[in-house]
J.: 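Before I ask anything, let me first share the structure, which is written out below as structure tokens.
We're numbering straight along the sequence, starting at 1. Note that this is a predicted model, so its numbers are computed, not measured.
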Amino acid sequence: MHSVSAWKEAKLQYYGGADVAGMQRRPLVHVKDSDNLRDVALTIIQNEISSVPIFKSSMDISGIPLLNLATLPGILKFLCSKLQEQPEGYPILRNQISSIPIGTWSQHTGRASTRQLRTSGLSAPLITCLDFLLEDRISSIPIVDDNGSLLDVYSLSDIMALAENDVYACIELEQLTVENALELQYQVNGRRQCHTCLSTSTLLEVLDQLSVPGVRRLVVIEPMTRFVQGIISLRDTITFLVG
């Protein structure tokens, strides 16, 4: 059993390189209640964190600076509510996502992406899938069949869910395939829905889906074959809206 301190040290060594000491001294990332929403969103995105504490601009008699936590899902939900009040004022909302510089796309689509779209088959070693997640600093990877059609999505949250239930303590990780890992996941949490959209979906439709609690990404598929064309994450969407 590894300790939290050992895990943190290994993480610093993996990401820190020559600047490990600098990472250890990094101050707490936070925002103030007087900051605008764009700056709050960019703080989360640029620091690659899931939430950021909101501190009071000035201390009051309570002496407690923390007000709340800001998250990307919360920010997107607020933005969606405002955009839907006057959708006619934002014509880009009616644009198809295939015409917007957002998300990560397969080379088959002919679209340029800043990142390579990673997919994995069921028979692939799970450790390879985990390497992709770490090396590319992504949160999920679509699982496809031999024809490239979507079967499921494996994410970092799946790894954490199994770790919380001590499942990994009973198995040899190096011998596990993606299919084995998914079966273990189904045993613990049951089967789940893969959230998808089409390249012809509008930006507003994508925003609506991503504003649903628990939905963090949409896999872009062909309607008939479910062939994976791309993936659009919550972070991608916020970056496009505020960047």
J.: Do Arg192 and Asp152 have side chains that approach each other closer than 4.5 Å (heavy atoms only, starting at C-beta)?
T.: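 Side-chain contact under 4.5 Å: yes.
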J.: Measure the NZ-OG distance between Lys32 and Ser34 for me, rounded to the nearest 0.5 Å.
T.: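 Rounded to the nearest 0.5 Å, the NZ-OG separation comes to 6.5 Å.
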J.: Using salt bridge (charged side-chain N to carboxylate O under 4.0 Å, His left out), reason through Arg217 and Asp236 one step at a time and then give a plain yes or no.
T.: CA-CA 9 Å; Arg217 64 196 65 84; Asp236 292 333; over 6 Å; no
J.: If we ignore hydrogens and angles and just use 3.5 Å, is the side chain of Asn147 paired with the main-chain N or O of Ser149 as donor and acceptor?
T.: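 Looks like no, no N/O pair under 3.5 Å.
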J.: Out of curiosity, Leu207 CG to Leu83 CG, how far, rounded to the nearest 0.5 Å?
T.: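 That separation rounds to 6.5 Å.
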J.: Write down the atom of Val206, the atom of Ser201, and the distance for their closest heavy-atom approach.
T.: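 Shortest heavy-atom separation between Val206 and Ser201 comes out as CG2-CB, 4.3 Å.
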J.: Counting neighbours of CG on Asp146 that are heavy atoms of other residues, nucleotides or ligands and sit closer than 6.0 Å, is the number greater than 12?
T.: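 Counting other residues, nucleotides and ligands, CG of Asp146 stays at 12 neighbours or fewer.
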J.: Using every non-hydrogen atom in the two residues, find where Thr177 and Ser123 come nearest and quote the distance to one decimal.
T.: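 Smallest interatomic distance, heavy atoms only, reads CG2-O, 3.9 Å.
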J.: Nearest heavy-atom pair of Ser120 and Val178: which atoms, and what distance?
T.: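 Scanning both residues completely, I find the closest heavy atoms to be OG-CG2, 3.6 Å.
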J.: Is it the case that one hydrophobic cluster holds both Val153 and Val220, taking links as side-chain heavy atoms less than 4.5 Å apart, direct or via other members?
T.: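 Cluster IDs for Val153 and Val220 differ.
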J.: Examine distances only and state if a side-chain atom of Thr202 and a backbone atom of Glu205 form a donor-acceptor pair shorter than 3.5 Å.
T.: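 Flag set: sc Thr202 to bb Glu205 pair under 3.5 Å.
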J.: Any chain of hydrophobic side-chain contacts (each under 4.5 Å) joining Leu218 to Phe240?
T.: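 As far as the 4.5 Å side-chain criterion goes, Phe240 and Leu218 are connected within one cluster.
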J.: Same hydrophobic cluster for Ile231 and Val215, using side-chain heavy-atom links shorter than 4.5 Å among ILVMFWY?
T.: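 Ile231 does not cluster with Val215.
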J.: Indicate the atoms forming the closest heavy-atom contact of Ala70 with Ile44, along with that distance.
T.: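 Smallest interatomic distance, heavy atoms only, reads O-CD1, 3.5 Å.
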J.: Please report the shortest heavy-atom distance between Gln209 and Cys197, naming the atom on each side.
T.: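 Answer, listing the atom of Gln209 first, then Cys197: OE1-CB, 3.8 Å.
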J.: Starting at SG of Cys129, measure out to CG of Leu182 and round the result to the nearest 0.5 Å.
T.: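 It comes to 8.5 Å.
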J.: Apply side chain to side chain contact (heavy atoms under 4.5 Å, CB included) to residues Val52 and Leu69 and explain how you reach the verdict.
T.: CA-CA 6 Å; Val52 63; Leu69 289 176; over 6 Å; no
J.: Take Thr43 and Val29 through the side chain to side chain contact (heavy atoms under 4.5 Å, CB included) test and state the conclusion after the steps.
T.: CA-CA 8 Å; Thr43 296; Val29 178; 3.5 Å; yes
J.: How many angstroms lie between atom CG of Leu150 and atom CD of Glu222, to the nearest 0.5 angstrom?
T.: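 Separation between the atoms: 12.0 Å.
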J.: Find the distance between CG (Leu122) and CD (Glu183) and round it off to the nearest 0.5 Å.
T.: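 Result: 9.0 Å between the selected atoms.
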J.: Evaluate whether atom CD of Glu85 has more than 12 neighbouring non-hydrogen atoms of other residues, nucleotides or ligands under 6.0 angstrom away.
T.: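 Enclosed: over 12 neighbouring heavy atoms sit under 6.0 Å from CD of Glu85.
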J.: Does Leu203 belong to the same Ile/Leu/Val/Met/Phe/Trp/Tyr cluster as Phe78, with side-chain heavy atoms less than 4.5 Å apart forming each link?
T.: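 Yes, same cluster.
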J.: Test His108 against Gln229 for side chain to side chain contact (heavy atoms under 4.5 Å, CB included), laying out the working first.
T.: CA-CA 7 Å; His108 296 87; Gln229 295 180 304; over 6 Å; no
J.: Test of understanding: clusters of I, L, V, M, F, W, Y form through side-chain heavy atoms closer than 4.5 Å, transitively. Do Phe227 and Leu117 belong to the same one?
T.: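 Unlinked, Phe227 and Leu117 end up in two clusters.
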J.: Can you tell me how far CG of Leu67 sits from CG of Asp33, rounded to the nearest 0.5 angstrom?
T.: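 That separation rounds to 5.5 Å.
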J.: Using a distance-only test with no angle check, is there a side-chain donor-acceptor pair under 3.5 angstrom linking Asp208 and Gln84?
T.: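 Side chains of Asp208 and Gln84: pair found under 3.5 Å.
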J.: Any salt bridge linking Asp136 with Arg118? Criterion: basic side-chain nitrogen under 4.0 Å from a carboxylate oxygen.
T.: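 So Asp136 pairs with Arg118 through a salt bridge.
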J.: Could you tell me which non-hydrogen atom of Ile238 sits nearest to which non-hydrogen atom of Ala41, and how far apart they are?
T.: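 What the structure gives for the nearest pair is CG2-CB, 3.8 Å.
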J.: Determine the interplanar angle of the Phe55 and His30 rings, folded into 0 to 90°, and report it as parallel if under 30°, tilted if 30 to 60°, perpendicular if over 60°.
T.: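 Parallel, since the angle between the ring planes stays under 30°.
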J.: Using the rule given for side chain to side chain contact (heavy atoms under 4.5 Å, CB included), can you reason through Asn180 versus Leu126, listing the C-alpha separation, both sets of side-chain angles and the distance that settles it, and then say yes or no?
T.: CA-CA 8 Å; Asn180 298 148; Leu126 178 64; over 6 Å; no
J.: Is the side chain of Arg38 donor-acceptor paired with the backbone N or O of Val242 at a distance under 3.5 Å, no angle test?
T.: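 Yes, the answer is positive, given that a donor and an acceptor are paired below the 3.5 Å cut-off.
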